[in-house]
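Okay, structure first, notes after.
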Amino acid sequence: MLTFIAFAVAIAGCINWLLIGLLQYDFVAGIFGYQGSVFSRLIYIVIGAAALFLVVKLFLDKGSIHVWGSKKKASRAIATQNIEASKEFSEKQKHERRKRESGYQDDDYDYENIPEKDHTFF
């Protein structure tokens, strides 16, 4: 829930920066009178702390942020992907084992004694 709140606050800060960039209007300063007021500065600090929290969480969770829902569902999805990948890997291992057991070897072909082709046309 804390991640969702931090995400919502960071989005509000992003929208404020969009308004500053496009319209030269600071919404937070507009609400509290001017940028230097104590309340405006508190809002800026909360927005910055929320953004910093999300960045730290991004690094701690190895590149993923789960804003809504449980981590268990996401970790189950990742585990399912890992199982599918391991099944695919085991299929490759089975194929390689079958090739070895059948006696097929790529080394059987003599690459040095390839007969030259006659390139004459007449």
Side-chain angles (χ1 to χ4, degrees):
M1 187 67 176
L2 183 62
T3 305
F4 178 74
I5 293 169
F7 188 73
V9 169
I11 293 295
C14 291
I15 292 171
N16 189 44
W17 275 107
L18 179 69
L19 289 173
I20 291 170
L22 290 177
L23 306 174
Q24 295 180 352
Y25 177 72
D26 189 349
F27 184 73
V28 175
I31 291 174
F32 297 110
Y34 62 101
Q35 284 184 341
S37 75
V38 175
F39 296 115
S40 294
R41 292 180 62 193
L42 280 174
I43 296 297
Y44 295 138
I45 290 170
V46 168
I47 291 172
L52 188 62
F53 172 79
L54 289 174
V55 169
V56 168
K57 190 154 182 68
L58 180 72
F59 281 108
L60 291 178
D61 289 346
K62 298 178 182 171
S64 65
I65 296 178
H66 304 285
V67 175
W68 193 256
S70 68
K71 268 186 163 179
K72 291 180 183 178
K73 289 180 184 177
S75 64
R76 272 189 241 135
I78 291 170
T80 304
Q81 290 173 353
N82 290 341
I83 289 170
E84 293 298 323
S86 67
K87 284 181 183 177
E88 181 180 328
F89 183 70
S90 65
E91 289 296 323
K92 287 181 182 178
Q93 286 178 333
K94 287 178 187 176
H95 179 69
E96 292 295 324
R97 188 171 4 120
R98 281 190 213 119
K99 277 176 46 176
R100 275 188 309 233
E101 290 172 356
S102 69
Y104 172 79
Q105 292 180 357
D106 197 29
D107 299 339
D108 288 345
Y109 192 74
D110 188 10
Y111 289 102
E112 293 180 9
N113 294 324
I114 299 174
E116 293 184 22
K117 294 182 180 179
D118 186 19
H119 296 291
T120 58
F121 297 106
F122 300 104

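We're numbering straight along the sequence, starting at 1. As the structure is a prediction and not an experimental result, all values here were calculated from the model.
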Heavy atoms of V9 and A50 approach each other most closely as CG1-CB, 3.8 Å
- So does F4 have more than 12 non-hydrogen atoms from other groups sitting under 6.0 Å from CZ?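 Not more than 12 within 6.0 Å, no.
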[X]-[Y] co-clustered via ILVMFWY side chain contacts under 4.5 Å:
X   : Y   : result
I31 : V28 : yes
W17 : L52 : no
I5  : L42 : no
L23 : F27 : yes
L22 : L19 : yes

Apply ring-ring contact (aromatic ring centres under 6.0 Å, His included) to F32 and list each qualifying residue two or more places apart in sequence or on a separate chain.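 Expected list: F39.
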Would you compute the distance between atom [atom1] of [X] and atom [atom2] of [Y] and round it to the nearest 0.5 angstrom?
X   : Y   : atom1 : atom2 : answer
Q35 : I20 : CD    : CD1   : 6.5 Å
M1  : T3  : CE    : OG1   : 10.5 Å
I45 : S40 : CD1   : OG    : 11.0 Å
N16 : D26 : CG    : CG    : 4.5 Å
D61 : L54 : CG    : CG    : 10.5 Å

